[in-house]
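Since the structure comes first, as structure tokens, the remarks are kept for the end.
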Amino acid sequence: MTASPAVSWARLALDAPDGLAVVSADGRFVQLNPAGVRLCGRPEQELIGAEAPFALAQDDEAEPLGLFDDGSTEHVTTWCPEPGVRREFAYRAQRLPTDPSLTVVSFRDVTDERQRWRRIAAIARTAAKFARECSLPALLDALASEVMKADELAGVQILTLDEAGRHLRIMGAAGFTHLPDFFDRLLTCQRRGAALRMLDALRTGRPVVVPNRWEEIQTNPGWDPLRSYLSELKWDAFASIPLKIRGTPAGVINVFFAPGQAVTKRRLEFLRAMAEQAAIAVDHATLLQRERDAARREERQRIARDLHDSIVQQVFSISMLAKSMEVLGSRGGAVPSEQVRRIADEVGTLSQTVLADLRAMVHELRPRSAAELDGLEEAVRALVDSTANRTGLNFVVDIGPGLERVRGELAEDVYRIVSEAVHNVVKHAEAENVTIRMRLHGERLRASVIDDGRWCGTIGRNDDSCEIQAGYGLRAMRERAERWGGTVTIRPEEGRGTVVRLTVPLPPVSPAVAAGFPLSDRILDRRTGDWAVLDTQERAS
């Protein structure tokens with residue numbers, strides 16, 4: 001005997017926690033349970049006969065799975081019960097077997113859930129952009145766009161303090177058009193009595209939220225210079241979130257909320273997380289710029305030392321020889337030919353040395369042009385000639401065949417690594433002899449700079465690799481190699497001295513190059529990491 005249900009199925013439908021609706025063939029509500037009415041946010045009498053948001057076609061495919069989806073075959077739709085309010089429903093639909101003109105739909109509210117997914121994805125995408133973007137404005141523009149899209153905001157501005165910490169500047173924005181004199185107008189508003197609430201966030205280091213901000217701006221004459229610009233977007237509430245670098249405010253994210261949006265605790269939590277991302281980007285860019293400035297100063301100082309130690313002294317010697325010729329000529333008598341020949345030989349030798357030094361310095365200052373026009377081997381040999389003339393070091397240069405394959409930016413980076421290694425020998429090693437070797441082994445370039453001087457690193461605990469007290473130059477060597485998938489190792493040489501070894505894979509030769517296109521016409525596509533060849537028309541343009 002079949003037991004009767006404890007509760008009637010009709011009662012279960014009325015008391016179900018999820019929404020249930022019956023929808024007609026033309027897509028209109030016929031019937032809803034109480035949960036469905038609550039989810040839709042409108043009186044039942046307004047919903048019956050109103051257009052439902054559900055797609056009922058049998059061949060509709062469920063929404064593709066996202067990163068955080070669990071494999072459900074639910075559809076997702078949007079429902080706006082009133083202006084400014086947007087809900088997202090996940091639903092399943094099935095035709096009634098007893099009446100195919102009607103469809104029963106079960107649905108639930110997934111607005112908060114999907115909002116959380118979008119925020120997590122926005123943080124992840126921003127982190128990915130941070131890893132590959134070189135331009136701070138481009139990165140902050142992308143971050144502002146992610147914030148705006150994730151929370152469906154009206155607009156976002158990211159402002160940072162200048163290096164002096166006195167003036168704000170817009171470094172990223174989404175939603176608003178560019179206004180060249182924005183800050184001039186903003187300061188005019190402040191002078192006219194308008195309160196700039198973002199300054200409160202900057203001063204206190206805490207978020208500032210202002211409900212109904214647009215209504216306040218509309219009625220305050222102090223905002224006249226910016227009212228037309230701020231009215232480009234439909235917004236209501238305003239929030240300013242400080243960017244903090246090591247506890248010190250360094251800028252703000254200004255957020256303009258669409259009408260009807262509530263400034264919830266969870267939303268502020270997301271904005272704080274994105275503010276942290278922006279602060280990391282600003283801090284990274286600032287530190288990188290300082291490091292580059294320090295490297296430029298060091299390079300200028302090195303060039304000044306090289307000029308003083310070699311070229312200036314040699315030119316001074318030439319001037320002294322010229323003076324001695326002047327003295328000999330002023331005596332009025334015949335000048336012995338042997339003395340003239342000896343002085344002329346010395347002037348010629350010194351002139352050739354100065355010319356070699358100048359050429360090498362040009363190679364160092366323009367390594368890419370040197371590598372492309374004269375080849376990597378010629379650039380390295382010019383560096384060796386200059387360094388030997390200036391320092392008295394004995395060099396052995398051993399370069400194998402096929403080095404002409406190393407061109408363009410790769411040649412520049414290889415040259416810079418070798419140059420930095422030689423510079424470190426001169427500066428630190430107190431060496432007498434240096435050997436430079438460069439060889440192609442299959443599809444890899446291997447180079448080494450070996451000296452017989454003093455080891456300047458400290459030995460690691462687990463192997464013989466060194467933990468160099470690395471400055472910018474040594475870090476730059478490794479970064480240049482890693483850019484091409486290569487490595488730089490620095491170890492003590494057996495007996496005495498140091499060996500710097502570079503290994504870097506060569507870019508593959510494309511079929512077009514093998515067919516006869518010159519290597520100089522190959523370019524690196526940084527998006528894909530592939531090498532391409534410009535066709536004749538592109539080269540001509």
Side-chain angles (χ1 to χ4, degrees), residues 84 135-149 151-245 248-261 263 267-268 271-272 274-275 278-279 281-283 285-286 289:
S135 165
L136 180 62
L139 174 59
L140 294 184
D141 272 343
L143 190 148
S145 179
E146 291 289 353
V147 172
M148 187 178 74
K149 289 187 296 185
D151 265 16
E152 298 176 325
L153 303 166
V156 177
Q157 292 176 329
I158 301 177
L159 299 89
T160 63
L161 287 169
D162 61 14
E163 292 184 1
R166 301 173 65 182
H167 301 289
L168 284 167
R169 54 191 173 179
I170 295 180
M171 294 294 287
F176 287 103
T177 58
H178 176 63
L179 186 64
D181 59 344
F182 173 81
F183 275 106
D184 292 336
R185 297 192 187 195
L186 189 65
L187 293 176
T188 301
C189 293
Q190 186 182 34
R191 287 192 294 268
R192 296 177 61 166
L196 307 185
R197 299 304 305 275
M198 65 180 175
L199 298 183
D200 296 337
L202 198 61
R203 184 180 64 255
T204 64
R206 294 192 297 270
V208 171
V209 178
V210 187
N212 306 317
R213 179 62 165 166
W214 175 235
E215 181 180 345
E216 178 185 341
I217 289 176
Q218 282 182 306
T219 57
N220 187 341
W223 286 100
D224 287 348
L226 275 176
R227 188 173 292 113
S228 60
Y229 174 69
L230 294 174
S231 65
E232 289 181 358
L233 307 178
K234 292 183 178 179
W235 63 283
D236 181 22
F238 169 83
S240 188
I241 315 297
L243 311 182
K244 292 184 180 181
I245 297 177
T248 302
V252 292
I253 292 184
N254 289 339
V255 179
F256 301 79
F257 294 92
Q261 286 184 325
V263 187
R267 183 165 271 146
L268 284 176
L271 294 175
R272 286 194 190 97
M274 297 304 281
V282 172
D283 190 30
T286 301
Q289 186 60 45

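Here the structure is a predicted model, which means the values were calculated and not measured.
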Nearest heavy-atom neighbours spanning [X] and [Y]:
X	Y	result
Gly172	Ala144	C-CB, 4.3 Å
Leu168	Phe183	O-CZ, 3.4 Å
Ala154	Leu233	O-CD1, 3.3 Å
Val208	Ala201	CG2-N, 3.6 Å
Leu140	Ala281	CD2-CB, 4.4 Å
Met198	Val252	O-CG1, 3.9 Å

Using modelled atom types only, decide if a donor and an acceptor are shared between the side chain of Asp236 and the backbone of Ala258 within a distance under 3.5 Å.
no
Donor-acceptor pair, distance only, cut-off 3.5 Å: does the side chain of Gln261 make one with the backbone of Glu152?
yes
Check Arg267 with Asp151, please: is the shortest side-chain N to carboxylate O separation under 4.0 Å?
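Salt bridge present between Asp151 and Arg267.
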Please report the C-alpha distance between Phe256 and Leu153 in whole Å, then the side-chain angles of each, then the deciding distance to 0.1 Å, and finally whether the side-chain contact (heavy atoms from CB on, under 4.5 Å) criterion is met.
CA-CA 6 Å; Phe256 301 79; Leu153 303 166; over 6 Å; no
So Trp235 and Trp214, would you call those rings parallel, tilted or perpendicular, with 30° and 60° as cut-offs?
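Correct class here is tilted.
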Would you check, one step at a time, whether the test salt bridge (Lys or Arg N to Asp or Glu O under 4.0 Å) holds for Asp224 with Arg192?
CA-CA 9 Å; Asp224 287 348; Arg192 296 177 61 166; 3.5 Å; yes
Distance flag, aromatic centroids of Phe182 and Phe176, threshold under 6.0 Å:
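When the ring centroids of Phe176 and Phe182 are compared, they turn out to be at least 6.0 Å apart.
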Just do the side-chain contact (heavy atoms from CB on, under 4.5 Å) check on Leu268 and Val209 with the steps written out, would you?
CA-CA 9 Å; Leu268 284 176; Val209 178; 4.0 Å; yes
Residue set satisfying salt bridge (Lys or Arg N to Asp or Glu O under 4.0 Å) with Glu215, at least two apart, ordered chain then number -> none
Roughly how far, to the nearest 0.5 Å, is the [atom2] atom of [Y] from the [atom1] atom of [X]?
X	Y	atom1	atom2	result
Met274	Leu143	CE	CG	4.0 Å
Ile241	Arg272	CD1	CZ	6.5 Å
Leu226	Arg185	CG	CZ	6.5 Å
Cys189	Leu230	SG	CG	8.0 Å
Ile253	Ile158	CD1	CD1	4.5 Å
Arg227	Thr219	CZ	OG1	8.0 Å

Any non-hydrogen side-chain atom of Ile217 less than 4.5 Å from a side-chain atom of Arg213?
yes
side-chain contact (heavy atoms from CB on, under 4.5 Å) for Gln218 and Trp223? Distances and angles first, verdict last.
CA-CA 8 Å; Gln218 282 182 306; Trp223 286 100; over 6 Å; no
